[in-house]
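Taking it in order: structure first as structure tokens, then the write-up.
In this text, all values refer to a predicted model and were calculated from it rather than measured experimentally. For ligands, and for the atoms within them, numbers begin at 1 and follow the listed sequence.
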Amino acid sequence: MTSTTNSIAIVGAGFSGAVIGRELAEAGYKIEIFEAREHIAGNCHTERDTETGVMVHKYGPHIFHTADQEVWDYINKYAEMMPYKNRVKAIYKGNVYSLPINLHTINQFFGKTLSPSEAKSWIESQADLSIENPKTFEEQALRFVGKDLYEAFFKGYTLKQWGLPPSELPASILKRLPVRFNYDDNYFNHPYQGMPKNGYTEIVAKILEHENITVHLNSLFNPDERKNYKHTFWSGPLDAFFNYEHGRLGYRTLDFERSTQDGDAQGNAVINYTEEKVPYTRITEHKHFAPWEEHKKTIIYHEFSRACEENDTPYYPIRLAQEVGILKKYEEAADRTENVTFVGRLGTYQYLDMDVTIRQALNTARAFKENETNN
Ligand code: UDP
């Protein structure tokens, strides 16, 4: 049944919902956004910690980086982006190393002073070149960095992060990380990188600031209500829309242990603990995400990863064989559901970075408008 109303429901006020809402509001649609939480911006939500004054990333660190010019221009329209380069350290067996794996890491780890070309040959001598077409995380690591670096930096961390041995995880997870044969320790390869001066929640608030947009916080949207709208964009969990009729899609969730102290706790925003026996994956110190600010006190979070239970916040979609089987059923159900588009990390069950989320949201909104014009 197609409703005659011109209003559109959007479920979720994260980047997906906000960007789609804004595009369609500008095109003249009336947008009603339903957000289950008490705040906008989804897992990108930032707020000032009252005790320390530090802007904290409540759901873990978010660093904006992209190669997509239009997305970079888009974010800069709504935020003052400050120069920021993510530099991550790793602690393994009492030593501090530089990540992503670069010439410093290689030379320090092996106690050498190799040049870039020597390091390449050295790593090739370590690598298992018999693996022609790496499929798993472990094969990818053994093929490109060899056993010693794999065991020091990836094996334990990944086991903690995903709750599974890397031999059971896809190579795609590791492909997110570069390996460099120079001293460049920028965590990302993208040409654009930055941090919003006033946090991510302010960006989302600005995107949502339009006379045609109404946001309802603390509001669960029952999928049956969609009949009151011309169209619904659902950025909530895909399985929740269908009342989990084919089972639950697996996620990892994170727990954060907060603590504060005077001064500087670790001297860097992110330090990974790559040994399996250390129970947390990393410690994040959020004032270092805003190096242009000054704070006497500091706040750190020990980050722990575990399986996501019913009432937990979902973070990372697991997407292994079992989940892919369930996902297929939901995707088929989604295709059969008229006047609803599933979007974003939870709606499409994908491990999406912020820039990709914005790109997909822009594309979705445009496709919708085009389709409307043609009908
Ligand atoms: N990873 C690892 N050791 C590290 C950092 C990352 O083994 O010190 C692996 C881990 O499996 C992780 C993946 O590489 O899930 C991708 O890392 P990224 O830093 O992109 O993870 P995110 O910041 O999205 O959690």
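- Lys112 and Asn107 share no side-chain donor-acceptor pair at under 3.5 Å.
- Listed by atom number, the atoms of ligand 1 under 4.0 Å from Leu99 heavy atoms are 8 (O).
- By the 6.0 Å and 45° rule, Arg176 stacks over the aromatic ring of Tyr351.
- Every N/O-N/O distance between Lys155 and ligand 1 stays at or above 3.5 Å.
- With respect to the salt-bridge test (charged N to carboxylate O, under 4.0 angstrom), the residues Glu38 and Lys58 do not qualify.
- Under the 3.5 Å distance criterion, with hydrogens and angles disregarded, a donor-acceptor pair is assigned to the side chains of Gln69 and Asp73.
- The proximity of Leu174 to ligand 1, defined as any non-hydrogen pair under 4.0 Å, does not occur for either the backbone or the side chain.
- Of the listed residues (Lys175, His62, Arg176, Lys160), the one carrying the non-hydrogen atom nearest atom 20 (O) of ligand 1 is Arg176.
- Residues Tyr29 and Glu372 have side chains that bring a donor and an acceptor to within less than 3.5 angstrom of each other.
- Asn186 and Arg180 are not linked by any side-chain donor-acceptor pair at a separation below 3.5 angstrom, with hydrogens and angles left out of the test.
- Proximity of Lys89 to ligand 1, defined as any heavy-atom pair under 4.0 Å, is not found for any part of the residue.
- Of the charged side-chain nitrogens involved, none lies within less than 4.0 Å of a carboxylate oxygen, so that Lys155 and Glu138 do not count as a salt-bridged pair.
- In summary, the side chains of Thr284 and His286 do present a donor paired with an acceptor at a separation below 3.5 Å, with no hydrogens or angles considered.
- None of Val54, Asp49, Thr52 except one satisfies the side-chain contact (heavy atoms from CB on, under 4.5 Å) rule with Lys297; the exception is Thr52.
- Residue-to-ligand polar distances keep Tyr157 apart from ligand 1: every N/O pair is separated by 3.5 Å or more.
- Here's the thing with Ile173: none of its N/O atoms is less than 3.5 angstrom from an N/O atom of ligand 1.
- Summary of contacts: the protein heavy atom closest to atom 3 (N) of ligand 1 is Phe153 O, 2.8 Å.
- Those atoms of ligand 1 with a heavy atom of Gln161 less than 4.0 angstrom away are 15 (O), 25 (O).
- Nearest to atom 23 (O) of ligand 1 among the protein's heavy atoms is Arg282 NH1, 3.6 Å.
- Proximity to Asn272 (heavy-atom distance under 4.0 Å) selects the following atoms of ligand 1: 4 (C), 5 (C), 8 (O).
- Of all protein heavy atoms, the one lying nearest to atom 17 (O) of ligand 1 is Leu177 CD2, 3.8 Å.
- His288 and Asp264 are linked by a side-chain donor-acceptor pair at a separation below 3.5 angstrom, with hydrogens and angles left out of the test.
- Partner of Ile10 under the side-chain contact (heavy atoms from CB on, under 4.5 Å) criterion, out of Ile31, Ile213, Thr341: Ile31 alone.
- Among all protein heavy atoms, the one lying closest to atom 7 (O) of ligand 1 is Thr158 OG1, 2.8 Å.
- Shortest contact from atom 18 (P) of ligand 1 to any protein heavy atom: Tyr187 OH, 3.7 Å.
- The protein heavy-atom contact nearest to atom 15 (O) of ligand 1 is Trp162 NE1, 2.9 Å.
- Counted by atom type alone, Arg143 and Asn133 present zero donor-acceptor pairs between their side chains at under 3.5 Å.
- Looking only at heavy atoms of the protein, atom 21 (O) of ligand 1 is closest to Tyr351 OH, 3.3 Å.
- An N or O contact shorter than 3.5 Å is missing between Thr274 and ligand 1 by distance.
- Less than 4.0 angstrom separates some heavy atom of Tyr316 from each of these atoms of ligand 1: 22 (P), 24 (O), 25 (O).
- For ligand 1, the polar-atom distance check finds an N/O of Phe154 within less than 3.5 Å of one of the ligand's N/O atoms.
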